[in-house]
Amino acid sequence: MAFPIDKIRKEFPVLHQMVYNRPLVYFDNAATTQKPQAVIDAIINYYSRDNCNIHRGVHFLSQRATEEFENTRKAVSSFINAPSSHEIIFTKGTTESINLVASSFGKRFISKGDEVIISGLEHHSNFVPWQILCNEKEATLKFIPVTPEGELDMDSFRKLVSKKTRIIAITHVSNVLGTILPVEEVIRYAHQFNIPVLVDGAQAVSHMAVDVQKLDCDFYCFSGHKMYAPMGIGVLYGKEKLLEEMPPYQLGGEMIKEVFFDHTTYNDLPYKFEAGTPNVEGVYGLKAAMNFIRETGIDNIYAWEEELLRYATWKLGDIEGVRLIGTARKKTSLISFLIGNIHPYDAGVIIDKMGIAVRTGHHCAMPLIELLKVPGTIRASFALYNTFEEIDRLAEAVIQVKQMFA
Ligand code: PMP
């Protein structure tokens with residue numbers, strides 16, 4: 001079946017505008033994706049029909065919103081094939097999900113002399129929380145090295161694992177290079193030693209099918225806004241046994257069972273980790289986004305985006321002086337590059353003036369940029385609504401940048 005690109009593009013109002021007198025080309029999808037009309041409508045529907053606080057209200061609106069909220073939790077659970085919906089915790093996004101685990105798991109399971117392993121490919125969100133935790137606990141943070149192609153060095157990884165390793169936290173897909181990491185292999189190896197693994201799925205869920213039972217990961221984190229849902233809503237999946245053993249992350253309403261003057265008892269999962277009024281409209285939007293992905297078909301999306309990646313790699317790679325950064329064997333639809341010695345920022349400003357939105361800089365992964373010995377990169381990241389013609393426009397823009405600096 002041909003991918004219904006025209007129909008899909010019609011569903012994203014933001015794409016149909018002129019920027020600097022040219023039709024907008026949006027290639028900053030790894031930063032955030034645009035929203036289909038169904039997601040926008042779900043938010044309008046929430047505020048114009050159901051707005052109220054959930055769980056505590058006896059009235060009609062509260063019950064209706066609570067039902068939609070909890071149904072979405074079930075939908076998330078089936079979206080990533082979690083065994084149970086009480087293992088799904090709503091958060092602000094990937095950053096909060098990882099902070100929750102670093103803080104709560106860290107409090108319970110990490111002590112002086114222990115070790116935590118992450119990789120050299122991590123976004124600051126899956127880096128800084130572990131670095132600070134290890135500093136506080138006098139534990140050691142170890143890094144899985146990255147090959148020049150942008151892959152994990154698996155032999156070194158196996159040597160890093162020791163009796164002191166308490167947790168491994170790695171990204172599913174690199175937001176700088178697009179590398180798809182061999183998370184199954186990491187998890188299988190770690191589990192031989194009963195070491196839990198957290199997977200940062202921020203760059204994975206909108207591009208490929210994710211099955212947390214098949215991966216057998218212990219935690220999986222992602223953000224709504226990178227999968228066509230609103231900002232400020234995200235998910236932490238955690239295995240029940242671990243979540244039960246972990247203390248609450250934040251304290252206040254909703255996460256309690258009973259409060260007395262001298263002590264408090266905690267609510268059951270998942271509410272133990274959902275203190276305060278949640279982002280209800282975000283949850284409405286997330287449900288619409290998951291429906292949109294399901295109706296389009298994640299395998300169709302993967303196939304379309306793979307074609308876009310192949311075309312862009314060929315088209316940009318063919319321009320003299322363009323250096324592709326990250327040439328892993330398995331990649332999602334993201335391409336990082338440099339044009340000769342031109343600083344990525346200077347190139348980005350010119351490309352923008354041609355109506356094309358790309359990202360330039362360190363992409364919140366400064367240690368990786370240091371490893372790669374580059375000043376940053378220009379990053380074009382594709383989503384399901386992008387086209388081959390748009391990639392042609394990027395290639396033309398790159399040639400113009402070259403000519404301007406010649
Ligand atoms: N991890 C990765 C791999 C990311 O790409 C991002 C966002 N750029 C994050 C974590 C953080 O996501 P958020 O800002 O939505 O919390």
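Note that the structure is a prediction, hence the values are computed from the model and not measured. Atoms within a ligand are numbered from 1 in the order they appear, just like the ligands themselves.
- Closest protein heavy atom to atom 5 (O) of ligand 1: Q203 NE2, 2.6 Å.
- Aromatic pair Y271/H86: ring centres not closer than 6.0 Å.
- For ligand 1, the atoms lying closer than 4.0 Å to a non-hydrogen atom of T171 are 3 (C).
- The closest protein non-hydrogen atom to atom 10 (C) of ligand 1 is D200 OD2, 3.3 Å.
- Of the heavy atoms in T94, both backbone and side-chain atoms come closer than 4.0 Å to ligand 1.
- The distance criterion of under 3.5 Å between nitrogen or oxygen atoms is met by H225 with respect to ligand 1.
- Looking at T91, T32, T95, L121, it is T95 that brings a heavy atom closest to atom 14 (O) of ligand 1.
- Ring centers of W304 and F388: under 6.0 Å apart, within the cut-off.
- Shown in contact with S125 at under 4.0 Å from a heavy atom are these atoms of ligand 1, numbered in order with element: 9 (C), 10 (C), 11 (C).
- Taking the six-membered ring for Trp and the full ring otherwise, the centers of H362 and H124 sit less than 6.0 Å from each other.
- Atom numbering of ligand 1 starts at 1 in the shown order; those under 4.0 Å from a heavy atom of S223 are 12 (O), 13 (P), 15 (O), 16 (O).
- Aromatic ring centres of Y284 and F69: separated by at least 6.0 Å.
- By the 3.5 Å distance cut-off applied to N or O atoms, H123 is counted among the residues near ligand 1.
- F273 and Y266 have their aromatic ring centers separated by at least 6.0 angstrom.
- In summary, the aromatic rings of F12 and F292 are positioned with their centroids under 6.0 Å apart.
- For residues 336-347, the pairs satisfying side-chain hydrogen bond (donor to acceptor under 3.5 Å, both in side chains) are S336-T377, with sequence neighbours left out.
- Taking distance alone, with nitrogen or oxygen atoms compared against 3.5 Å, K226 approaches ligand 1 more closely than that limit.
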